[in-house]
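What follows is one structure encoded as structure tokens, with my remarks underneath.
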Number of protein chains: 2
Amino acid sequence: MNSRIPSRERDKEDDLQRKRSKPPQRATIRDVARLSGVSRMTVSRVLSEPDVVLPATRERVAKAIADLGYVPDKAAGSLASRRTGFIALILPTLTNSNFSMVAHGLTEILRERDYDLLIAYTDYDLAEEERQLTNLLARRPEAIVLTGATHRRSAVLSLLRADVPVVEIADLPNQPIEHAVGFSNYEVGRTAARHLISKGFKRIGAIASKNDGDICDHRGEERVCGFEDELRLSGLSTDLVLRNGRAPVSYEHGSTAIGLLLDRAPDIEAVFAVSDLSAVGVVMECQRRGVDVPGRLSVMGFGNFDIGREINPPLTTIHVDFHALGQRAGRLLLELVAGTGEDASEIIDVGLSVVERGSVREANV
Amino acid sequence: MNSRIPSRERDKEDDLQRKRSKPPQRATIRDVARLSGVSRMTVSRVLSEPDVVLPATRERVAKAIADLGYVPDKAAGSLASRRTGFIALILPTLTNSNFSMVAHGLTEILRERDYDLLIAYTDYDLAEEERQLTNLLARRPEAIVLTGATHRRSAVLSLLRADVPVVEIADLPNQPIEHAVGFSNYEVGRTAARHLISKGFKRIGAIASKNDGDICDHRGEERVCGFEDELRLSGLSTDLVLRNGRAPVSYEHGSTAIGLLLDRAPDIEAVFAVSDLSAVGVVMECQRRGVDVPGRLSVMGFGNFDIGREINPPLTTIHVDFHALGQRAGRLLLELVAGTGEDASEIIDVGLSVVERGSVREANV
DNA sequence: CTGAAAGCGCTAACAT
DNA sequence: ATGTTAGCGCTTTCAG
């Protein structure tokens with residue numbers, strides 16, 4: 001058994017090799033080849049480019065595949081072809097429906113070229129992001145999608161070294177790693193402020209989470225910053241901007257925060273929550289305290305979550321089309337993995353819009 | 001170049017082989033071996049069992065790894081070791097926070113043994129479930145976690161053929177494919193009915209989605225069935241049990257459905273929604289219509305979602321510890337991939353509990 | 001249209 | 001403690 005058999009006989013040797021293994025092994029391409037009396041290459045072709053195979057052969061092979069329940073091993077295939085056929089997506093959380101929308105949009109587009117999407121999440125933790133990244137890189141994704149514009153330096157370095165296309169989503173970085181598809185969270189904040197100011201309010205507050213080391217919602221923070229800047233531009237005070245609690249924000253976060261704000265400044269007229277989730281919490285806490293929304297307090301959120309449309313009054317919010325964002329990112333990714341398209345870094349802004357509903361009214365002037 | 005070099009010189013031949021390739025190639029284990037003057041096996045050992053390598057050698061190798069930014073290729077490693085190091089999880093949707101909890105619980109446990117979790121979702125579509133499954137199987141997960149007890153026959157067959165451990169979660173199948181960790185959705189329905197009946201109500205309704213071919217929420221359906229059976233057992237009518245709209249249920253689904261029910265039977269006293277989401281929709285629609293909850297209508301949900309605690313009145317619901325469920329499934333999976341543990345099919349019931357809050361009151365008797 | 005050779009990057013199982 | 005051999009299951013490349 002140690003005498004090397006001339007290589008041109010290798011495929012014929014299969015029977016000998018397999019005979020030693022225990023019966024219930026998973027079928028390989030060899031088994032299919034043997035059963036249908038062709039070479040492994042022909043089986044491979046039936047799977048990847050069936051048209052070049054003679055119909056008769058093709059059917060024989062197809063039958064063998066079906067009979068054996070053969071499922072090709074993609075890992076082995078990737079190793080040989082140097083194409084793993086998947087793209088990685090790193091999200092802060094699975095629970096946010098806007099991020100799910102992104103995943104949906106991406107999946108739809110990537111499916112066109114048979115790419116799989118591998119989803120990982122970080123719980124808003126940059127250290128965890130790096131851990132996930134390192135892990136993912138070892139599986140050789142053909143491209144990587146990252147959420148947000150803020151990452152650990154060392155994570156960015158491994159990314160650069162890995163020489164894999166990178167797309168950042170959901171925020172437009174000033175210094176993108178490579179490409180980006182998103183919107184300006186800073187502009188979201190400014191837009192929200194402008195909207196409330198345009199309604200004639202003067203005592204305007206905001207609610208966000210506080211940064212806690214690696215655990216933070218940088219996109220939310222961007223939004224409050226934009227909000228504050230716009231207030232200042234209009235000569236209004238930012239005293240009622242509250243950063244409290246740890247990311248991610250939640251219903252409860254909104255309830256607690258508005259309680260604090262209401263106690264501190266009972267004359268507050270309007271408030272912007274960096275997420276609809278906390279905005280809903282605000283509205284619910286107001287219901288409990290008998291604070292009329294929008295009669296006494298106008299409330300505005302961000303994200304256009306389903307629940308915002310459902311509550312009473314329905315929530316005025318800022319909408320970003322995350323599904324379209326995912327699709328747009330998907331298109332870009334397909335170009336990148338195809339090697340088509342510019343080398344130049346693409347920055348795509350999907351924009352945003354104000355959705356006016358009942359939770360904001362005109363100020364009494 | 002066609003004269004075969006004696007095999008014991010193969011590793012020494014590396015330089016020649018690599019010289020032809022373009023410079024900026026990703027570093028392989030060979031590059032590391034060459035740079036640190038050891039064999040590839042030693043590099044491999046530094047990565048997998050560092051203790052058996054001499055400290056001096058280990059450090060030389062570690063330096064080379066760092067200098068080259070070497071990231072081992074897991075796909076190649078799996079091929080050789082026959083261990084892919086990941087487990088697949090198929091969820092109906094990413095948007096449901098209870099399923100996210102399951103993913104969290106699983107991740108926590110699997111991480112202990114360095115297993116990755118690969119998450120896929122189906123949008124409650126059994127055809128899509130099968131598609132995902134086929135796809136996943138080609139990547140050779142070491143185990144597969146499926147949601148629910150209902151699957152396409154052909155999907156189950158490929159699963160059986162693939163000879164990969166399977167765990168079904170979130171429902172306890174009568175005929176499990178193999179193992180299951182979950183709770184009885186049927187019992188959820190019965191428990192809800194018993195709770196409402198125990199409060200003295202007679203005119204009791206329910207709200208669920210309607211099956212639509214492959215797109216359906218079998219677990220929700222199980223819950224209404226249990227609910228109906230319990231009503232019958234108590235001699236109550238099931239006329240107010242409404243199946244309407246397509247899965248998954250939503251806030252809006254609840255609003256619409258309760259509207260229908262209220263119009264049809266204004267004297268309805270209590271209603272069970274198969275999900276907190278639709279239950280919240282019910283409460284919101286009641287607010288709009290001026291129907292007092294729980295004064296005129298008692299409302300009960302399932303799932304113990306955050307929003308239920310936040311609304312006014314807070315929602316009475318049925319709670320299942322999905323995080324623990326995920327962890328429990330994780331433990332089972334680790335046993336399965338380790339080959340430890342029984343061959344026998346394990347069925348683990350994580351139970352359920354009623355969470356009494358303000359949306360259900362005592363009937364006026 | 002089909003096949004043989006060669007090898008992807010790694011590790012199990014033996015050497016030494 | 002480290003190295004060598006052989007090959008995981010597939011595809012690329014080139015020959016016929």
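A note on names: the letters A, B, ... follow the listed sequences, proteins ahead of strands, and every chain is numbered from 1.
Rounded to whole Å, the distance from CE on B:M41 to P on C:dG9 is 17 Å. Taking atom CG on A:D31 and atom C1' on D:dG9, their separation rounds to 11 Å, with Å as the unit. Atom P of nucleotide D:dT13 and atom CZ of A:R82 are separated by 10 Å, given to the nearest angstrom. For the pair A:R40 CZ and C:dC1 C1', the interatomic distance rounds to 19 Å; values are reported in whole Å. For the pair B:R83 CZ and C:dA12 C1', the computed distance is 13 Å after rounding to whole Å. Distance CZ (A:R140) to P (C:dC8): 14 Å, rounded to an integer number of Å. In this structure, B:L79 atom CG and C:dA12 atom C1' are separated by 13 Å, rounded to whole Å. Regarding A:D51, its CG atom lies at a distance of 9 Å from the P atom of C:dC1, rounded to whole Å.
Along DNA chain D, the nucleotide closest to B:S78 and the one closest to A:S78 are compared, and the more 5′ of them pairs with B:S78.
Residues that satisfy the salt bridge (Lys or Arg N to Asp or Glu O under 4.0 Å) test with B:E128, not counting sequence neighbours, are A:R111, B:R131.
In this structure, B:R26 does not pair ionically with B:D31, as no charged nitrogen and carboxylate oxygen lie closer than 4.0 Å.
Remark: of the listed residues A:E112, A:E108, A:E346, A:E112 is the sole one forming a salt bridge (Lys or Arg N to Asp or Glu O under 4.0 Å) with A:R331.
B:D73 has its side chain out of reach of B:I29: every pair of non-hydrogen atoms, C-beta onward, lies at least 4.5 Å apart. Looking at heavy atoms from C-beta onward, B:P92 lies out of side-chain contact with B:Y121 at the 4.5 angstrom threshold. Using a 4.5 Å cut-off on side-chain heavy atoms (C-beta onward), A:P165 and A:L333 make no contact.
With no hydrogens or angles considered, no side-chain donor-acceptor pair links B:H104 and B:Q327 at under 3.5 Å.
Under 4.0 angstrom from either OP1 or OP2 of C:dT11 there lies no side-chain N or O belonging to B:S81. Proximity of B:S44 to the phosphate of C:dT11: a side-chain N or O atom is located under 4.0 Å from OP1 or OP2.
Checked by distance alone, A:R45 brings a side-chain donor or acceptor within 3.5 Å of a matching partner on the base of C:dG3.
Near DNA chain C, meaning a heavy atom under 4.0 Å from it, residues 57-75 of chain A has A:T57 in order of number.
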